Asks: 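This is the structure, below, for whatever I ask next.
Only a predicted model underlies this, so the values are computations on that prediction, with no experimental measurement involved.
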Amino acid sequence: MEEKQIRHIEVPCFMTDSAYKMKASSFMEQAQEIAMDGSDTLGFGYDVLHPMNMAWVLVRMQFKYLRAPMWRDKLTLRTWHKGVMGPYFVRDYEMLDENGERVAVATSSWVVLNIVERSFVRMNSLEGIVDPNPQCMDAAIETLAPKVAMPRGVEPDIVASHKVVYSDLDFNGHTNNTKYISWAFDALPLEVSTQKTLTEVSINFNKEALLDEVVDLKCFRTENEGVETWLVEGAVEGRSSFTAKITF
């Protein structure tokens, strides 16, 4: 068995923005798909878990652009199961250009959900189902994806709202993880998202947003030594659905 799951990509136009750069949401879409392939290869994917009323749930993700992937770039995306760290199953990613140089790295933290009871499945209940041992000892990012939260005492105004609609849903009938990051970028000023150089995104998934719910989006900006950081929170009736930290 290969140590890493591999997917080859030639970046199509629909994955890019007006600056021809791969959108953050497009990176997450590719990461989501290869994660499904990787879990299938290791024997604990959708076809194994779903009949037992279980599913993988992404809790946190962090990725860094070492350089922006561009339209028509020929890239190789690789992922591997990094085993158990704390309460999470961890999966890392790296994206390479045609010369084998890294253009992006990522780490993600996952749990298994009982989709009937809507409760997390304890790790000791997954013995014999999910192998807790690392598939590969490499680390794209050494640490776990971080917790993201608005600073204490900060109450930013609502800058936009989004009603959850059909196009946001995945085959489980829930808002797809990649949509939250799209909403976060939609909340930023256009000149920031298209003219600034994206370097890092961290996102926490706190509570799923359901069909017809309205997600209020709040933004808070900081700048330090030329590094511009935006914190975006999406909330449904005051309860946090996701928080994202976006750095340019």
Asks: Take Val201 and Phe185 through the side chain to side chain contact (heavy atoms under 4.5 Å, CB included) test and state the conclusion after the steps.
Replies: CA-CA 11 Å; Val201 175; Phe185 274 80; 4.2 Å; yes

Asks: Would you call Arg102 and Glu94 a salt bridge, taking side-chain N to carboxylate O under 4.0 Å as the test?
Replies: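 Here Arg102 pairs with Glu94 in a salt bridge, since their nearest N and O are under 4.0 Å apart.
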
Asks: Taking the side chain as everything from C-beta on, heavy atoms only, tell me whether Phe205 gets closer than 4.5 Å to Val59.
Replies: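 Phe205 vs Val59: side chains apart.
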
Asks: Can you tell me how far NZ of Lys179 sits from CD of Glu29, rounded to the nearest 0.5 angstrom?
Replies: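 Rounded to the nearest 0.5 Å, the CD-NZ separation comes out at 6.5 Å.
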
Asks: Crowded around Asn133 CG? As in, over 12 foreign heavy atoms under 6.0 Å?
Replies: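 Atom CG in Asn133 is packed in, count exceeds 12.
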
Asks: More than 12 foreign heavy atoms under 6.0 Å from NZ of Lys163: is that the case here?
Replies: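 No.
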
Asks: For Tyr65 and Phe63, take the angle between the two ring planes, folded into 0 to 90°, and tell me which bin it lands in: parallel under 30, tilted 30 to 60, perpendicular over 60.
Replies: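 Answer is tilted, since the angle falls between 30° and 60°.
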
Asks: I'd like to know whether CD of Glu223 has more than 12 heavy-atom contacts from other residues, nucleotides or ligands below 6.0 angstrom.
Replies: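 Yes.
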
Asks: Does a side-chain heavy-atom distance below 4.5 Å link Met70 with Thr16?
Replies: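 In short, these two side chains do not touch, never coming nearer than 4.5 Å.
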
Asks: Looking only at heavy atoms, which two atoms of Leu58 and Ser109 are closest? And how far apart?
Replies: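 Taking Leu58 first and Ser109 second, the nearest heavy atoms are CD1-O, 3.6 Å.
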
Asks: Got Ile115 and His50 here, is their nearest side-chain heavy-atom distance under 4.5 Å?
Replies: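 Contact flag for Ile115/His50 side chains = yes.
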
Asks: Under 3.5 Å, is there a donor-acceptor pair linking the side chains of His162 and Asp168?
Replies: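 Looking only at side-chain atoms, Asp168 and His162 do form a donor-acceptor pair, the distance falling under 3.5 Å.
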
Asks: Could you go through Leu126 and Phe89, starting from their C-alpha distance and side-chain angles, then the distance that decides it, and tell me whether this counts as side chain to side chain contact (heavy atoms under 4.5 Å, CB included)?
Replies: CA-CA 11 Å; Leu126 295 169; Phe89 294 96; 3.8 Å; yes

Asks: Can you tell me how far apart CD1 (Ile158) and SG (Cys219) are? Round to the nearest 0.5 Å.
Replies: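 The SG atom of Cys219 is 11.0 Å from CD1 of Ile158, to the nearest 0.5 Å.
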
Asks: Rounded to the nearest 0.5 Å, how far apart are CD of Glu237 and CG of Asp216?
Replies: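 It is 9.5 Å, given to the nearest 0.5 Å.
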
Asks: Quick check for you: to the nearest 0.5 Å, what is the distance between Glu200 atom CD and Ile141 atom CD1?
Replies: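 If we round to the nearest 0.5 Å, Glu200:CD and Ile141:CD1 are 7.0 Å apart.
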
Asks: Other residues, nucleotides and ligands only: do more than 12 of their heavy atoms fall within 6.0 Å of NZ on Lys21?
Replies: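 Yes, enclosed.
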
Asks: Could you go through the side chain to side chain contact (heavy atoms under 4.5 Å, CB included) check for Trp56 and Val130 one step at a time?
Replies: CA-CA 11 Å; Trp56 286 107; Val130 180; 3.8 Å; yes

Asks: Assess whether side chain to side chain contact (heavy atoms under 4.5 Å, CB included) is satisfied between Leu75 and Leu77, documenting all intermediate values.
Replies: CA-CA 6 Å; Leu75 305 170; Leu77 181 60; over 6 Å; no

Asks: Are Trp230 and Ser193 side-chain neighbours, meaning at least one heavy-atom pair lies under 4.5 Å?
Replies: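 A side-chain contact under 4.5 Å is absent here.
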
Asks: Enter the distance from Arg91:CZ to Thr107:OG1 here, rounded to the nearest 0.5 Å.
Replies: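 With rounding to 0.5 Å, CZ (Arg91) is 10.5 Å from OG1 (Thr107).
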
Asks: To the closest 0.5 Å, what do you measure between CG (Asp37) and CG (Leu42)?
Replies: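 Spacing of CG (Asp37) from CG (Leu42) equals 11.0 Å.
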
Asks: I want to know whether Tyr46 and Phe171 have ring centres closer than 6.0 Å.
Replies: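 Yes: the rings meet the under 6.0 Å criterion.
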
Asks: Would you mind checking if Arg239 and Glu213 are paired as a salt bridge, meaning a charged N to carboxylate O distance below 4.0 Å?
Replies: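 Arg239 and Glu213: not salt-bridged.
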
Asks: Hydrophobic clustering (ILVMFWY, side-chain heavy atoms < 4.5 Å, transitive) - are Met150 and Val232 grouped together?
Replies: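 No; Met150 is not reachable from Val232 via cluster members.
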
Asks: Got a salt bridge between Arg67 and Glu101, using NZ or NE/NH1/NH2 to carboxylate O under 4.0 Å?
Replies: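 Salt bridge between Arg67 and Glu101, a charged N being under 4.0 Å from a carboxylate O: no.
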
Asks: Is the Tyr20 ring parallel, tilted or perpendicular to the Trp71 ring (thresholds 30°, 60°)?
Replies: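 Plane angle under 30°, so parallel.
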
Asks: May I ask you to decide whether Glu233 forms a salt bridge with Lys218, counting only side-chain N to carboxylate O separations under 4.0 Å?
Replies: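 So Glu233 does not pair with Lys218 through a salt bridge.
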
